[in-house]
Amino acid sequence: MRLAGYVIHGNNQDTLPRCLEGLLAVCDEVVALDSMSTDGSTEIARRMGARSVSVAWAGYGAARAAAIQALGPSDYVFFLDSDEHLGAEAIQAIRTWKESQPQEAVYRLPRHDWAEVDGRRFLYRTEWRARLIRRDVAVWRPEMIVHEALPRMRAGRLSAPIEHRFATSVSLRSAKEHRYALLWAVMALAEGRKSKPAVFQRPAHVLRDGLLHGALWRGGWAALKLAWVVAGYHAAKYRYLRDLRQGGYPELVRAFQERRYGELFQQVRTLELEP
């Protein structure tokens, strides 16, 4: 069993070391894919023993594809985001999994989304994410600019929790959700995805995260404010999709069609989107 790992990072010197510690503890090789950082993150990666590879940012799908290409031969691939890390329990669980002769193409791990807002730190939600991928099916494409999920396939579960620094500011999270919603809509337009009524999306997802996932009980009013912001993504993405179908944001549509994904991200960053 050979396990290769990677992380995609930019200016993440505050969270990258802990992320790399977990990857290096369980993987036989680790690539730190640098999206042209300027804060010394590449030096941190090299010093810790990861192989640093720099590429211009062109979206998540392109970055994941570049990371896979940079890795040597392996049986499975494991990845973390730069604001995620593994605890001792998760490291031991993955090491045990490596010795178990795994057979599934994909294994999902629980990700704990931690919020640090309004002076409180609480677990916002837990979601199971596909993170251990058999190498032959670990295929990402550049057009997967956001939510670059692999095709659905049968997956096993491994109880190796990933700790995620999900939100440190309600306002910053809100801005991020709207950028992602617009990028998703551009991609969805090209894929011909169906629309859903935007008005129902926000309350449904507030109920899901706040009540069903228990954020409200753990975080109180701070959790409710965060749930409202996070749920805004699901409403905004269908509003943006409607706007795009009515001819809005033509420069973004053109950039996606012409595969100028790096420019697309730059353009979205400059827009003042509805809060």
Side-chain angles (χ1 to χ4, degrees), residues 8-12 14-15 35 39 57 59-60 63 81-84 111-127 129 144-149 162-189 193 195-244 246 248-249 251-252 255-256 261 264-275:
I8 298 164
H9 73 88
N11 290 330
N12 299 114
D14 56 337
T15 59
S35 59
D39 68 342
W57 182 250
Y60 294 94
D81 292 340
S82 57
D83 55 1
E84 297 174 342
R111 187 179 72 173
H112 297 156
D113 286 340
W114 290 95
E116 302 167 15
V117 296
D118 293 352
R120 299 191 62 173
R121 184 176 187 270
F122 56 91
L123 178 62
Y124 179 69
R125 66 187 177 193
T126 298
E127 295 184 324
R129 298 284 184 166
M144 297 173 172
I145 54 173
V146 290
H147 295 286
E148 64 294 0
I162 297 169
E163 310 302 335
H164 178 211
R165 193 181 187 187
F166 177 68
T168 58
S169 162
V170 172
S171 61
L172 289 177
R173 190 73 215 183
S174 177
K176 184 175 183 178
E177 297 290 358
H178 274 270
R179 288 196 303 272
Y180 279 16
L182 180 52
L183 288 163
W184 178 92
V186 171
M187 184 175 63
L189 179 72
R193 292 206 185 190
S195 295
K196 293 181 180 179
V199 67
F200 299 119
Q201 299 303 312
R202 195 164 210 164
H205 284 86
V206 167
L207 288 172
R208 187 194 70 170
D209 286 354
L211 298 179
L212 296 182
H213 287 175
L216 181 61
W217 319 127
R218 294 184 294 268
W221 176 245
L224 187 60
K225 287 196 296 183
L226 182 58
W228 181 256
V229 162
V230 173
Y233 162 81
H234 298 280
K237 68 182 186 179
Y238 290 111
R239 289 201 306 271
Y240 288 133
L241 182 56
R242 179 198 61 204
D243 293 345
L244 289 165
Q246 294 174 351
Y249 304 103
E251 68 285 355
L252 303 184
F256 186 88
Y261 303 126
L264 172 61
F265 273 82
Q266 291 175 4
Q267 291 175 24
V268 170
R269 290 191 192 103
T270 66
L271 295 174
E272 291 189 11
L273 300 176
E274 178 186 350

Give me the atom names and distance for the closest heavy-atom approach of [X] to [Y].
| X | Y | value |
| --- | --- | --- |
| Asp118 | Lys225 | OD2-NZ, 2.7 Å |
| Arg111 | Asp113 | NE-OD1, 3.1 Å |
| Ser82 | His9 | CB-CB, 3.9 Å |
| Ala198 | Arg239 | CB-CG, 3.8 Å |
| Met187 | Ile145 | SD-N, 3.8 Å |
| Leu226 | Ala115 | CD2-CB, 3.6 Å |

Is there a donor-acceptor contact under 3.5 Å from the side chain of [X] to the main chain of [Y]?
| X | Y | answer |
| --- | --- | --- |
| Arg218 | Tyr124 | yes |
| Asn11 | Asp39 | yes |
| Arg202 | Ala235 | no |
| Arg179 | Leu271 | no |
| Arg165 | Trp114 | no |

| task | List the steps, then state whether side chain to side chain contact (heavy atoms under 4.5 Å, CB included) holds for Leu207 with Leu212. | result | CA-CA 7 Å; Leu207 288 172; Leu212 296 182; 5.9 Å; no
| Distance-only side-chain donor-acceptor flag, Glu84 / His164, under 3.5 Å | no
| query | Taking the six-membered ring of Phe166, is the NZ or CZ of Arg125 close enough (under 6.0 Å from the centre) and on axis enough (within 45°)? | reply | yes
| query | Do Asp81 and Arg129 sit within salt-bridge range, that is, some charged N less than 4.0 Å from a carboxylate O? | reply | no
| Steps toward side chain to side chain contact (heavy atoms under 4.5 Å, CB included) verdict (Tyr249, Val186) | CA-CA 9 Å; Tyr249 304 103; Val186 171; 5.9 Å; no
| With a 4.5 Å heavy-atom cut-off, do Trp221 and Arg120 have their side chains touching? | no
| note | In Thr168, Leu172, Val229, Val170, the residue satisfying side-chain contact (heavy atoms from CB on, under 4.5 Å) with Val117 is Val170
| Aromatic rings His178 and Tyr240: how do their planes relate, parallel, tilted or perpendicular, breaks at 30° and 60°? | perpendicular
| task | Mind telling me whether Tyr60 and Phe265 have parallel, tilted or perpendicular rings, with 30° and 60° as the class edges? | result | perpendicular
| message | If you apply the rule side chain to side chain contact (heavy atoms under 4.5 Å, CB included), what do you find for Leu252 with Leu183, and how did you get there? | response | CA-CA 9 Å; Leu252 303 184; Leu183 288 163; over 6 Å; no
| said: With side chain to side chain contact (heavy atoms under 4.5 Å, CB included) as the criterion, how do Asn12 and Asp83 come out once you've worked through the C-alpha distance, each side chain's angles and the decisive distance to 0.1 Å? | reply: CA-CA 8 Å; Asn12 299 114; Asp83 55 1; 6.0 Å; no
| note | Rounding to 0.5 Å, atoms CD (Glu177) and CH2 (Trp184) come to a distance of 13.5 Å
